[in-house]
Amino acid sequence: MLSRTFSAYKGAYSGLSRETWLLSLIMLINRSGTMVVPFLSLYLTSPGMGYSIGDAGLVFGCFGAGAFAGAFVGGKLTDKIGFYKVQLVALAGGAALFWILSFIKSFPFICLFTFLLSFVNEAFRPANSTAIAFYSNPENRTRSYSLNRLAVNLGWAVGSALGGIIAKFSYQWLFWIDGISNFLAAVLMVFFLREAGGQQSRQQKNTSQANPSLPSVYQDKPYILFIILVTLFAACFFQLFTTLSVYFRQELHFSEPKIGLLMAFNGVLIVLVEMILIYQLEGRRNQLTYIAIGVALVGTFYVLLGLGKFGLPVAFLLITIITAGEMLAMPFMNSFWISRTASHNRGQYAALYTMAWSAAQTLGPLLSSQLAEANGFRFTWFVNGSLCMLVAIAFWQFKRRHIL
């Protein structure tokens with residue numbers, strides 16, 4: 001049994017390129033400092049800031065709007081100047097903006113600089129997705145994305161756990177650590193990926209010259225339909241990192257360290273399970289099958305969340321359910337969009353996929369926070385759960401009818 005488990009893990013991590021591992025290392029360092037986002041709602045509603053949950057929702061709306069615009073611009077720039085330059089500028093710019101935002105107390109300026117911060121940070125994502133596709137091949141592409149997600153979630157686990165402890169003493173330190181991690185990631189990229197980035201830029205220039213008239217992502221109607229469904233799902237999923245933390249504190253009376261542990265548990269499960277899960281499942285069934293099951297599990301999480309109050313052990317069980325849904329849905333969403341691209345339009349496709357998640361960052365927290373304020377958390381969870389179930393059914397029907 002132990003030997004088979006070791007062989008499975010070895011197989012899951014073998015065959016990936018050096019650049020894929022370096023990108024994941026850079027992402028790990030960057031995301032280990034991710035402490036602001038999971039605690040931003042708590043920071044804004046803390047006695048020191050004094051804003052309401054509705055105000056926090058508006059700030060997250062600005063965060064999502066900036067992310068939406070940044071993803072669009074980042075995708076365009078990726079196809080034009082290459083993923084290396086876009087990633088480097090985004091990391092360095094994000095570091096500076098995290099440090100600036102730590103000093104701002106005025107609500108309008110918090111909204112403005114949150115927009116700018118998310119704009120710069122989200123411009124990084126289409127470039128990063130394009131880089132992963134460039135350094136992988138069709139046989140290991142889903143695992144390459146999963147390795148990157150593993151780095152994100154391992155960093156998320158570290159950042160959430162440490163962030164919960166640090167937030168108990170000073171929320172401002174969260175911004176400074178986030179900025180430092182961005183800066184370190186930029187330095188590593190300069191040292192280890194500059195040469196590879198130059199190679200990609202030259203290849204991209206030759207491809208563009210050979211293809212003066214390139215097809216647009218907006219002509220791919222099945223992909224547009226896929227993006228709409230991803231947006232609806234993501235709007236629900238993002239409550240895990242925004243409204244849910246406020247619910248844990250205000251309704252269930254969990255402390256910041258306990259909330260941090262719950263958020264970290266999500267990342268730890270992904271680190272331990274996702275790569276071997278993808279290794280075992282990839283290529284066995286249609287991608288939409290796994291996506292539909294994953295979305296349904298996320299819906300189940302919200303339905304169970306709305307049934308009543310519970311203690312910490314049940315909270316860990318519920319986090320396990322939504323994490324299982326995340327591990328099934330998101331890697332195969334990535335492999336689905338990348339399967340529809342070519343090297344010359346990958347930035348466009350990556351941008352639209354990132355914009356779907358960015359739009360969800362705007363709509364999800366904004367609408368759910370207002371809904372929670374007006375009708376309570378339980379009603380909000382049932383709405384999110386029902387919407388996820390409808391999206392899961394839609395994915396399943398599209399798979400059966402071969403629409404996507």
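In what follows, every heavy atom counts, from backbone to side chain, and hydrogens, waters and symmetry copies are set aside.
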TODO: Under the side chain to side chain contact (heavy atoms under 4.5 Å, CB included) rule, what do Leu318 and Tyr302 come out as? Steps first, then yes or no, please.
DONE: CA-CA 9 Å; Leu318 292 180; Tyr302 283 114; over 6 Å; no

- [ ] Could I get the full list of side-chain hydrogen bond (donor to acceptor under 3.5 Å, both in side chains) partners for Thr323, not counting sequence neighbours?
- [x] Asn266

- [ ] Could you tell me whether the side chain of Leu150 reaches within less than 4.5 Å of the side chain of Glu274, counting heavy atoms only?
- [x] no

Task: By side-chain hydrogen bond (donor to acceptor under 3.5 Å, both in side chains) - contacts of Ser335 (at least two apart) - done: Gln287

TODO: Would you mind reporting whether Phe107 and Leu58 have side-chain heavy atoms less than 4.5 Å apart?
DONE: yes

- [ ] Taking the six-membered ring for Trp and the single ring otherwise, decide whether the centroids of Phe395 and Phe332 are under 6.0 Å apart.
- [x] no

- [ ] Establish, from distance only, whether the side-chain atoms of Ser118 and Asn121 form a donor-acceptor pair under 3.5 Å.
- [x] no

Task: Heavy-atom neighbours of Tyr247 OH exceed 12 at 6.0 Å - done: yes

Open item on the list: As an exercise, state the distance from OG of Ser368 to CZ of Phe379, rounded to the nearest 0.5 Å.
Closed with: 10.5 Å

TODO: Would you indicate whether the side-chain heavy atoms of Leu22 and Tyr135 approach each other to under 4.5 Å?
DONE: no

Open item on the list: With rounding to the nearest 0.5 angstrom, report the CG to CE distance, Leu240 to Met263.
Closed with: 5.0 Å

Open item on the list: Return the CZ to CG distance between Phe336 and Asn286, rounded to the nearest 0.5 Å.
Closed with: 8.5 Å

Task: Side-chain donor/acceptor of Tyr223 to backbone N/O of Tyr349, under 3.5 Å - done: yes

Task: Any donor-acceptor pair under 3.5 Å from Thr380 side chain to Ala372 backbone - done: yes

Task: Side chains of Phe301 and Cys388 in contact at under 4.5 Å (non-hydrogen atoms) - done: no

Task: pair Asp55-Met49: side-chain heavy atoms closer than 4.5 Å - done: no

- [ ] Going by the ring-ring contact (aromatic ring centres under 6.0 Å, His included) test, name the single residue among Phe310, Phe248, Phe316 that passes it with Phe254.
- [x] Phe248

Open item on the list: So Ile224 and Leu352, do their side chains get closer than 4.5 Å, heavy atoms only?
Closed with: yes

Task: Side-chain heavy atoms of Phe226 within contact of Phe398, under 4.5 Å - done: no

Task: Spacing of CG belonging to Asn128 relative to OG1 belonging to Thr354, to within rounding of 0.5 Å - done: 9.0 Å

Open item on the list: I want to check something: taking the side chain as every heavy atom from C-beta on, are Leu312 and Leu252 in contact at a cut-off of under 4.5 Å?
Closed with: no

Open item on the list: Just to verify, what does Phe72 make a side chain to side chain contact (heavy atoms under 4.5 Å, CB included) with, not counting sequence neighbours?
Closed with: Lys76, Tyr218, Met355

